[in-house]
Structure formats: C-alpha cells, structure tokens
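Below is one structure, written out as structure tokens, with a few remarks after it.
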Number of protein chains: 2
Amino acid sequence: MSKFEQIMLLSGYSRATVSRVINNSPNVNKETREKILQIMKQLDYAPNRNAVALSIGRTNQIGIVIVSLIEITISFLNHFIEAALRYGFQTIIYTSQGDKAKEMQAFEDLRSKRVDGLLIVTCVNDPGKLSAYGRYGPIISWQRMRKGQIPSISMDQGEGYRLGLEHLLAKGFTRIANIFGRSGSLNTRSRRLAYESTMKQQGLPVRADWYRYEVYGMLDGEEAWRSLSAMQEVPEAILCSNDYVAAGILNEARRQNLDIPEQLAIIGFDDTELSASLGITTIHNPIKEQAWNAFYHLWNQIGGESLEQSKLSFQLVERQTT
Amino acid sequence: MSKFEQIMLLSGYSRATVSRVINNSPNVNKETREKILQIMKQLDYAPNRNAVALSIGRTNQIGIVIVSLIEITISFLNHFIEAALRYGFQTIIYTSQGDKAKEMQAFEDLRSKRVDGLLIVTCVNDPGKLSAYGRYGPIISWQRMRKGQIPSISMDQGEGYRLGLEHLLAKGFTRIANIFGRSGSLNTRSRRLAYESTMKQQGLPVRADWYRYEVYGMLDGEEAWRSLSAMQEVPEAILCSNDYVAAGILNEARRQNLDIPEQLAIIGFDDTELSASLGITTIHNPIKEQAWNAFYHLWNQIGGESLEQSKLSFQLVERQTT
DNA sequence: TTGTAGGCGTTATCAT
DNA sequence: ATGATAACGCCTACAA
C-alpha cells in the first residue's frame, strides 16, 4: 500500500482531501489539514513525481541539447538553468559529443514527454529534420538557425561587430585584422559582411589577407598574432571572435613588447569576466538576457502565460586596449 | 483515448500483447508483431515515459549537485554524463548558486523519485544532514567528504602533490613555493601536509611565507607570481593547485623575461589540455576514470549489477617547465 | 468542506 | 502465444 493510502486510512479522510492538503488547496478545514500534515510527517511522506507527472501530463523538465559542455557556453547555461529553476523547472543535459543519433535522444524524449520543452545550444542534426519535433513541444535555439526552421533567440552578431569597427575607425585605426571563429557559420558571415561593407563605404581597403578562421581560445589567439605579426605588413588593430582570443593576442603582443593600444589596438567580444580583469575593450553580449528570453519563450508555450522578452542589443565597452 | 488503447483496438490484440511488442518480448508471433508495429508507426506512437517510470518505479535519471558550472568541473561532468548515457541514464543538473535551500531540491527529488541517484560535485549543505537522504537512493560524491558520511570517489591529492615535489627535489630545486586553492579544504590540507612532511624529512626549510591561498584561475596565478616575485627572497620553483594557475604564473614569469625552468620551475595539476599545449609539467589526475567510477558506484546500487571500478593513481607528466 | 469515481499510460502476474 | 485484471500513485471533475 502506498503511503498516500496509508495517510487516507490513518486520517480517515478521502483520497481527495489528502490530495488537497498535499497541494495546499484552501478548501480544507484547518484542523483536518493539520491532522493530515501531522500524519504525512510521521510517515515521512513525499509525493511521487512520476505519478504526478503522469496525472497532470507534465514533467516540469526541460532538455538542453548541446554537443558538449565547453567554456564559452557555461555562462549561458548557468543563467538558463537558474531561470528555469525560478519557474519550477529542472534541466536535463543532453550532450551528443557530435553524434547525431545521441542527439536525437533529446528529441525523442520530447516526444515521450520526458521533457516539456527543448533548448538547443549547439546541434549537429539537420535543423529541417529537427523542426518536425516542434509538434511534440516547444523548441528554442540559441545557435542561429537558417530562417524558417526552429525559432532562435540569437542575435545578429554583425551588429555588435560593427560597433567595434566604428570605434576603431573613430580612433583613427584603419589597418584592421579580423579573427573569426567557425568559418562557415552565420555569425562569421555577418561579421565579415559588417567589416567589408563598412570599409568599402568609408573608401578603405578590405584586408582579406588579415582574416584568420577557426580561432576559438586563448592559445589560438596567441598563434594568430604570431602569424599576423610575421607578415610584411602588420595590422594596427584587431577585431576578435571572443574575449579568450583577445586575451591570447594581448598576451602575445605584450611578450613582443608592443605598446597597447598605440601599436596594436584589440577588441574582444562578449564582455566576459576575463576581458574585464585584463582591461580589454570588448562588445557586451547580453548573454544572461538571452538565456532568460530563451526560457520565457518555452515557458510561454508550456504554461500558456505570456512573459515579455526583453529587447536586446550589443554595446561597446571601452577599456585599455583601444 | 490514449494511443496505446488505439493500438489495441486497431490491431484487435490485448494490452499485454501490445506491451510485449513495445518491449521487444520474444513471446510474440512474428506476424502479430509486424501488424502491431505497423499500426504503431502509423499512429506515430511513442511510449509515455512518465507512465513507464510510475509503473517500473524508476526514472533512469541521475541528478548532479553542483554549486555552479565552472571550468574546472566541465571535463568531469562531460565524462560522467557520457558514462550515464551509455547505461541509459539521463542527467539533471542542480545548480545551487551556493544557496542551501536550492541545493536541497536535489535531495528532495531523490526522495520524490524524480531521480534514481545523486552525484555531488560540490555542495554547500552540511554532509551530515545530506547523508540522511541515503535511504532514498544512492549518493556518491566527487568532492572529498569527512569520513563516515557520504561515500566519495575522490582521491587524496596529497599523493599526487608529493610526486611533483619529489620531482622538483630530484632536479635540485629546494626553494619551493606552494599555491593552494580553497584554504580550508581537505585537498589543501593534504597538499600542505605532503609538502611540510617531505621537506622536514629531507631536513629542508618549510617556507610558509611562500604559501598562497584562494588561487583558482589564470589571472589569480599571474597575481600570485607578481606577489611572490616582489619578495626579498624569491622562490625558484612553484607547485600549483591546477593547470590554469600554472599557466598564469608561466605567463607572468615570461613577461618578466625569466628563463624557464632555470630561473623558475613550474608544476601544474590535473594534466588538462591547457598544460599540454603550453608544455607545463603537471600531475596527471585521472578525471575520466573518476567520473566513470562515480557512475559505476551509483549503477551498482540502482541496477544491482556489480561493475568493477578501476584503481586510480596520479602520475607525473614531465614537460618543459621543470 | 468533504467524498465518489474515473482517468493518466504503462508493466506485471496470472491464467488460458 | 495471448488475454484479463490488477497495480503503479496521484489529480480532478462532479456530487453531496
């Protein structure tokens, strides 16, 4: 016999009344409630979540789809998990390690009602295939998606990038190198586009020979600057794909005894703690707000409520490297 | 009507037979199975995990208790999640942000059968209080625990530390600084003990004035070396709490144009990718194996099977900083 | 304020 | 190989 039934028996009340007490329903006599609560405590009772989930048709669990936990996603994840928790949702991490089949497990779990919704941080399956799962529950993506598939809360990083570029130009730097991340990504494309269109518009030369791709971390950044500084013509300013890369470049430039920013101006991206402690000028990326917006998007569809998402924008944070 | 019942109706078979097909029971006529499978596909059927969980009394979900996702725990987490997945378990992340009440949610969820077991990575509640939850399901800790409470798969880092120290002594370095992490932790204590006992044993002076505490990341490491190198007497070798710290010290020392390792020998801890790419001598910490052992521990109690855990040990990895 | 009865979607134990 | 029936633990109209 389940503890629930023991409570019924011991208290002499019905299934419904016991349930009311468990769920803090106001329609219960004060003494009745106390008596039942007393017995619950005595029996060390805790509701079985599986039974609840089955009954109400919801698990209050959200899945996070991600290739693997890596540094640049941590901050976003922490914020998302906290947002979910605030509304009573737990988060299940689905790491695919790049395996398409493993990744599908998350979507199948949406179908099987293990999770009420899904957040895609990074995914390897074809978005076209995945979007079909939208019928089983809400899905939101942080990763930018080609339009018309899965909704995304990502922002066009080209806009942020342009802020950095204009800042450099205003300071009189015109010989500018660009350090990109993943070469085929939408973000890299819009960043490159922002650079090229702005330069052309100003009648300045576009230096494609100073492009570097697949640069992600601090060590990659150091390597990138070694390569650039060894060229015949050396850039006088650099726009980076993120703060880690900027930190690496700063390290390497300091090792070469360059004056920063006189001989080399550096701009990072994201405005992480790292850039703050190193004094790197960067573009503030509202990651926390994106995480909350992502949760709101899911919540609005799960709970039917309508929490308003905040309008987001990039912002230049000027420090000592420009 | 549930899809399950629709399948019963459309196929003309009973509840039991449909269930057998779903679970690949061998006791089903081949044609029967095909007919039912056909209908299942047609209805786009997927079993409801909540119903399954309620019925079998298990969720195949494991909770991870952690203060917050941070860099030094990522690798461990990725390995643990993968191990769990290999045995059909999903992982729920409980971040407490240092809040005791939030952390309790994980333990309450063990009680409520939302999770079948719990992994503690870092926790803020009193272990004595938490260990009472052991009756609701298996709990294992990565963080070292005072004995007699919650079982832990952690290793005594003092042993690894001693390896580094002996390596330095063998190379002729005797003026050695120690950079520690959390000042009250068990690991810090055993590291300090390893240093002090070995030095005394060799008749060498213990330099407590070269101790530094609460040093966790690369920037902390840079700061630590600035502080040490500004002293009247400067150490000629350093043992670090982790590879990030070692990398920071290396950076700062290079900035001061020191010859490494002639003027300053550096040893990291953990043997992360960072130490590999920077060529830092370090102590290999078998994190992956610890993660798998942690899962095995839980699995053995959940599944009743008995997977053997591997015996683990630290190992010195000599590179260019010693 | 309390109770009755049915439902949530499976698994599992017997029979047949 | 298949079926009938109960069990899993809770929620929720609806009725009283």
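Residue numbers start from 1 in every chain, and the chains themselves are labelled A, B, ... in the order their sequence lines are given, proteins ahead of strands.
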Check your understanding: Once you build an axis from the first five pairs and another from the last five of the helix from C/dT1-D/dA16 to C/dT16-D/dA1, how far apart in angle are they, to 10 degrees?
Key ->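 Its terminal axes enclose an angle near 30°.
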Exercise for review: Measure the CZ-CD1 distance between B/Arg15 and B/Ile7 for me, rounded to the nearest 0.5 Å.
Suggested key: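 Spacing of CZ (B/Arg15) from CD1 (B/Ile7) equals 11.5 Å.
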Review point. Contact class for B/Asn27 (heavy atom, under 4.0 Å): base, sugar-phosphate, or nothing?
Key: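 Here B/Asn27 touches the bases of the nucleic acid.
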Practice item. Determine the minimum heavy-atom distance between A/Leu77 and B/Leu69, stating which atoms define it. Key: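 So the two residues come closest at CB-CD1, 3.8 Å.
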Review point. Looking only at heavy atoms, which two atoms of A/Arg182 and A/Tyr216 are closest? And how far apart?
Key: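 Shortest heavy-atom contact: CA-OH, 3.3 Å.
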Exercise for review: Show your reasoning for whether side-chain contact (heavy atoms from CB on, under 4.5 Å) applies to B/Ser96 and B/Ile66.
Suggested key: CA-CA 6 Å; B/Ser96 67; B/Ile66 190 167; over 6 Å; no
Exercise for review: Answer yes or no: does a side-chain N or O of A/Thr17 lie under 4.0 Å from OP1 or OP2 of C/dG3?
Suggested key: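 Yes, because at least one side-chain N or O of A/Thr17 sits under 4.0 Å from OP1 or OP2 of C/dG3.
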Exercise for review: Give me the ring orientation class for B/Trp292 and B/Tyr296: parallel if the planes are under 30° apart, tilted from 30 to 60°, perpendicular past 60°.
Suggested key: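 Answer is perpendicular, since the angle exceeds 60°.
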Check your understanding: Using 30° and 60° as the class limits, which term best fits the ring planes of A/Trp299 and A/Phe295: parallel, tilted or perpendicular?
Key ->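 It falls in the parallel class, under 30°.
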Rounded to whole angstroms, how far apart are [atom1] on [X] and [atom2] on [N]?
X: A/Met8; N: D/dC11; atom1: CE; atom2: C1'; result: 13 Å
X: B/Glu34; N: D/dA1; atom1: CD; atom2: P; result: 15 Å
X: B/Arg111; N: D/dG9; atom1: CZ; atom2: P; result: 15 Å
X: B/Asn50; N: D/dC11; atom1: CG; atom2: P; result: 13 Å
X: B/Lys35; N: D/dT2; atom1: NZ; atom2: C1'; result: 14 Å

Review point. If we ignore angles and hydrogens, is there a donor and acceptor under 3.5 Å between the side chains of A/Asn285 and A/Gln290?
Key: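 Yes, side-chain donor-acceptor contact under 3.5 Å.
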Review point. So, A/Arg114 and B/Gln61: side-chain donor and acceptor under 3.5 Å apart, yes or no?
Key: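 Side chains of A/Arg114 and B/Gln61: pair found under 3.5 Å.
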**Study point:** Sequence-aligned protein contact record of nucleotides 8-16 of chain C, with B where the base is within under 4.0 Å of a protein heavy atom and S where only the sugar-phosphate is
**Key:** BBBBB----
